[in-house]
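All remarks here apply to the structure that follows.
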Amino acid sequence: LKIVELRERTVSIAAPMRNAAVAFGEMTASAVAMVSDGGITGYAFDSIGRYGKGALLRERFFPRVLGRDFPDPIDPPAVARAAMANEKPGGHGERPGAIALLEAAAWDLRAKAQGLPLWRSIADYYGTPASETISVYASCGHFRDDASLADEVKKAVDSGYRTVKIKALGNEHDFRRIEGVAGLAKIAIDVNGADVADRWLARAAQFGPAWIEEPAPPLDYLGLRRRAENSPVPLATGENLFSYDDARNLLHYGGLRPEHDFVQIDPLLAYGIDEYVRILRLYAAWPRHHFLPHAGHLFNAHCVAGLGLGSAEAAPDAALIYGGYWDRVRVEGGSMRIPDAPGVGFERKQNLFAVMESI
Ligand code: MG
């Protein structure tokens, strides 16, 4: 099998909102199409928060895989390895997200060639326990001028979500916001790497959140360890760690507690599923349901299903190209059943597929 065509389009996913770390007013994402000589097209769509990767893909990674021989059906990890030829170890930077997009397009292509939904193709490849029904949670409460937090959380609950994550800043104002919505859903609190004080952590814990997310800067393992020692509630982190190397540092130095805390590394930002499975093997002492991949939308929902992970994150607004799930799929009681379409099923989410087709 040969890959005969690769295309990338960087699309705007700008929104008038921010979290503790960034504003989304200039946010972009990469959409990728991969065509095989068998005439099948695999698609990939970026995760959120790290901008498009078009230049890296076009300059460096597409040329390394175009026209090469791959097994049939295509072996997605082999595509990622070919793209990584002559890349130095370490550093990582923006590269892991670009490689992950290539691997993801190859996964969509493989599963389509097999006539399988992606989650089943992943489970068969790795021999993992899998389930088409997965737990999902809603990500809400970004800072914006035009929305009421309570309305947003109510809407997510009405859409079937049971756990709703809201953004916080690590200051006093947070507690008024949390108080206003604490009765509406199980709440998780995300401070996006703000360096929170012990006193803030103790007060936030009084709300009994499902978890507190990124309570220390992403690479500050010592700071995280100190907070894990002091936190009576579960902590979650990892969305800004993009490699096995970083995951190993988190495991060795972050002080997280396997039965208590959650790991949110995002396969779609971190070299793809094969790297993610290596990370799962490294965390062998951890329960699989303590892995909650960050964002990643439809693709990561398949990863949760195919690798038996804990829960997938969702932007609940289906009008967004990276929001909701497949058309006509409902979230019920915090769970969602992945439809039987081959591959990721981009074709079954009209607004997102319109973007894919435009590539
Ligand atoms: Mg987060």
Side-chain angles (χ1 to χ4, degrees), residues 13 15 17-25 27 29 46-51 96-97 100 135-144 147 149 152-153 156 161 163-171 174 177-178 181 185-196 200-201 204-205 207 209-221 223-224 227-228 231 233-243 246-247 250 254 256 260-270 276 279 290-297 299-301 303-304 309-317 320 322-323:
I13 53 168
M17 62 184 198
R18 56 176 304 123
N19 62 35
V22 296
F24 288 78
M27 189 52 63
D46 229 333
S47 196
I48 299 168
R50 286 282 173 173
Y51 301 96
S135 164
V136 295
Y137 75 90
S139 196
C140 294
H142 291 80
F143 298 96
R144 51 197 305 162
L149 179 59
E152 200 186 347
V153 172
Y161 294 93
T163 301
V164 177
K165 185 168 83 184
I166 65 167
K167 300 293 183 181
L169 297 166
N171 65 21
D174 297 328
R177 300 179 84 229
I178 299 167
V181 296
K186 183 74 176 167
I187 298 293
I189 305 168
D190 187 1
V191 284
N192 286 94
D195 210 349
V196 301
W200 183 93
L201 204 58
F207 292 94
W211 66 83
I212 295 175
E213 185 165 319
E214 285 199 295
L219 297 173
D220 180 3
Y221 300 113
L224 180 66
R227 287 173 183 91
S231 175
V233 296
L235 302 181
T237 194
E239 70 178 70
N240 292 305
L241 303 182
F242 295 162
S243 66
D246 291 320
L250 178 67
L256 295 183
H260 205 56
D261 300 320
F262 298 100
V263 176
Q264 298 177 302
I265 291 165
D266 179 343
L268 203 41
L269 289 175
Y276 193 79
I279 293 169
H290 280 227
F291 288 81
L292 319 175
H294 158 267
H297 198 214
F299 183 81
N300 278 357
C303 291
V304 170
L309 310 178
S311 189
E313 177 174 9
D317 181 2
L320 300 169
Y322 59 87

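Both ligands and their constituent atoms are indexed starting at 1 by order of listing.
Between N300 and P267 the shortest side-chain heavy-atom distance falls below 4.5 Å. The closest side-chain heavy-atom distance from D174 to F207 is not below 4.5 Å. Counting heavy atoms from C-beta outward, E213 and E239 have side chains that approach closer than 4.5 Å.
The ring-ring contact (aromatic ring centres under 6.0 Å, His included) check on Y322 picks up nothing, with sequence neighbours excluded. Applying the side chain to side chain donor-acceptor pair (under 3.5 Å) rule to N19 yields no partners; only residues at least two apart in sequence or on another chain are considered. Not a single ring-ring contact (aromatic ring centres under 6.0 Å, His included) links F143 to another residue, sequence neighbours left out.
Inside a sphere of radius 2.8 Å centred on the Mg ion (ligand 1), the protein N/O/S atoms present are D190 OD2, E213 OE2, E239 OE1.
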